[in-house]
Participant: 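Before I ask anything, here is the structure I am working with.
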Protein chains: 2
Amino acid sequence: MADSRSSVQSPCAACKLLRRRCVIDCIFAPYFPADQTLMFSSVHKIFGASNVSKMLQELPENKRWDAVRSLVYEANARIEDPVYGCVGVIFLLQQEVVRLQTQLMQAQAEIMRLQVQGWKPGMITSGIRKLDNFHEEPGNTCFTKEVIHQSIDTASGVDMLFR
Amino acid sequence: MADSRSSVQSPCAACKLLRRRCVIDCIFAPYFPADQTLMFSSVHKIFGASNVSKMLQELPENKRWDAVRSLVYEANARIEDPVYGCVGVIFLLQQEVVRLQTQLMQAQAEIMRLQVQGWKPGMITSGIRKLDNFHEEPGNTCFTKEVIHQSIDTASGVDMLFR
């Protein structure tokens, strides 16, 4: 019977890319099957195979799938945007949260005013128009590289991220 | 006169940690001064010095500072949360955006109803109460590791991140 160091028939994507023998207990094999070379090459390019292997080994098995998927997401974000990576997405989402909180407070104030003053024609129209515009604004959840860079540049660099 | 390969008097944090000679045009020196060994050790642990060096070399000089800071942020997030890293923060911020959008739409509907129906005592009170609660909910912008894991577990794993 083959021991745990024996090579398997079809090497995983990692071993294929690294041109090494894929052993039965290969740390990468469960998460990077043979047809996922692109997925492995992304994490290898950004984190390095050795670091990914170490990170996975330090985690319990039931957490490794989630770790692999978040590493792949992070690596792809860094390849797509070599300056900010997925930190650029965090920055834009933080801006979006602040913007929505402000709009919500405005709406809350509008409701309060109605409660206190009652309905008077024309008084609310401007508030409604402001809130309606929100749904017409582009890019609320999907951020392109250009939008991120433009937005971070506008905010005087990456300093905004680390306040 | 010393050429660009000569070693400098005080090695940068990277060369100190890697125990190598720090040359005058060292790629790390401008961003990891001698007293920032912890900052360098984080990015080295997660990305590897060689990968960081490659990433910086591929960028124009005026973008390298931002890249270093986003890499340090990302590395620290991964050290703090080895399963999700800063992808966990993205997930929570996305949830927060959806929550705020929902609340905003509710508020918008409330204002519309007032505009159409006019003020009737008791009709708006429940809406106001709901909106008031928003400001009392904890952790809107600062997410702990526990909150992220609990939240991702509740949402049936990391699948939610990649829809």
Side-chain angles (χ1 to χ4, degrees), chain A residues 45-48 50-51 54-55 58-59 63-67 69-74 77-78 82-90 93-94 96-101 103-108 110-112 114-115 117-119 124-125 127-128 131-132 134-135 140-141 152 157-159 161-162, chain B residues 45-48 50-51 54-55 58-59 63-67 69-74 77-78 82-90 93-94 96-101 103-108 110-112 114-115 117-119 124-125 127-128 131-132 134-135 140-141 152 157-159 161-162:
Chain A
K45 182 181 162 70
I46 301 301
F47 299 101
S50 157
N51 280 348
K54 265 186 243 159
M55 287 191 250
E58 283 167 9
L59 290 173
K63 290 290 181 188
R64 288 181 190 171
W65 245 121
D66 280 1
R69 297 179 78 174
S70 72
L71 286 167
V72 170
Y73 180 95
E74 225 172 301
R78 179 65 58 181
V83 182
Y84 299 108
C86 68
V87 177
V89 179
I90 291 178
L93 283 167
Q94 281 175 338
E96 181 70 3
V97 165
V98 170
R99 200 173 70 87
L100 285 168
Q101 282 174 336
Q103 285 191 316
L104 187 60
M105 278 191 290
Q106 284 169 347
Q108 202 176 353
E110 195 76 37
I111 293 170
M112 294 275 273
L114 286 170
Q115 190 183 31
Q117 298 180 357
W119 160 242
I124 312 156
T125 322
I128 297 285
L131 288 163
D132 276 336
F134 167 69
H135 297 289
N140 277 334
T141 51
I152 291 175
V158 82
D159 285 343
L161 288 166
F162 309 102
Chain B
K45 182 181 162 72
I46 301 302
F47 299 100
S50 158
N51 280 347
K54 265 186 242 160
M55 287 191 252
E58 285 167 8
L59 289 173
K63 289 289 180 188
R64 289 183 189 168
W65 244 121
D66 280 2
R69 297 178 78 171
S70 72
L71 286 167
V72 170
Y73 180 95
E74 225 171 302
R78 179 66 56 180
V83 182
Y84 299 107
C86 68
V87 178
V89 179
I90 291 176
L93 283 167
Q94 280 175 338
E96 182 70 3
V97 165
V98 170
R99 201 173 68 88
L100 286 168
Q101 281 173 335
Q103 285 192 316
L104 188 59
M105 277 191 290
Q106 284 170 346
Q108 203 175 351
E110 195 76 37
I111 292 170
M112 295 274 273
L114 286 170
Q115 188 182 29
Q117 298 181 355
W119 161 242
I124 312 157
T125 323
I128 296 286
L131 288 164
D132 275 336
F134 167 69
H135 298 288
N140 277 335
T141 51
I152 292 175
V158 81
D159 285 340
L161 288 167
F162 309 101

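Values below: every heavy atom of this structure, side chains too, minus hydrogens, waters and symmetry copies. To find a chain, count down the sequence lines: A is the first, B the second, and so on, and within it residues start at 1.
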Participant: So which heavy atom on B:Pro82 is nearest to which on A:Ala67, and how close?
Facilitator: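 Looking at all heavy atoms of both residues, the shortest contact is O-CB, 4.1 Å.
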Participant: Nearest 0.5 Å please: distance from the CD atom of B:Glu96 over to the CD atom of A:Gln101.
Facilitator: 6.5 Å
Participant: Would you name the heavy atoms of B:Val83 and A:Ser70 that are closest together and state the gap between them?
Facilitator: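 Looking at all heavy atoms of both residues, the closest pair is O-OG, 2.7 Å.
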Participant: Which heavy atom of A:Leu114 sits nearest to which heavy atom of B:Leu114, and what is that distance?
Facilitator: CD1-CD1, 2.8 Å
Participant: Which heavy-atom pair separates A:Val97 from B:Leu100 by the least distance, and what is that distance?
Facilitator: O-CD1, 3.7 Å
Participant: Do you know which two heavy atoms are closest between B:Ala107 and A:Ile111, and how far apart they sit?
Facilitator: O-CD1, 3.8 Å
Participant: When rounded to the nearest 0.5 angstrom, what is the spacing between CZ in A:Phe47 and CG in B:Asn51?
Facilitator: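 Going from CZ on A:Phe47 over to CG on B:Asn51, the span is 9.5 Å.
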Participant: Looking at B:Met55, B:Arg78, B:Arg64, B:Lys54, which has the largest count of heavy-atom pairs under 4.5 Å with chain A?
Facilitator: B:Arg78
Participant: Got a second to check how far A:Arg69's CZ is from B:Tyr84's OH, nearest 0.5 Å?
Facilitator: 10.0 Å
Participant: Check each atom of B:Ile46 against the heavy atoms of chain A and say whether the ones under 4.5 Å are side chain, backbone, both or neither.
Facilitator: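 Both parts, backbone and side chain.
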Participant: What's the separation between atom CD in B:Gln108 and atom CG in A:Leu104, rounded to the nearest 0.5 Å?
Facilitator: 11.0 Å
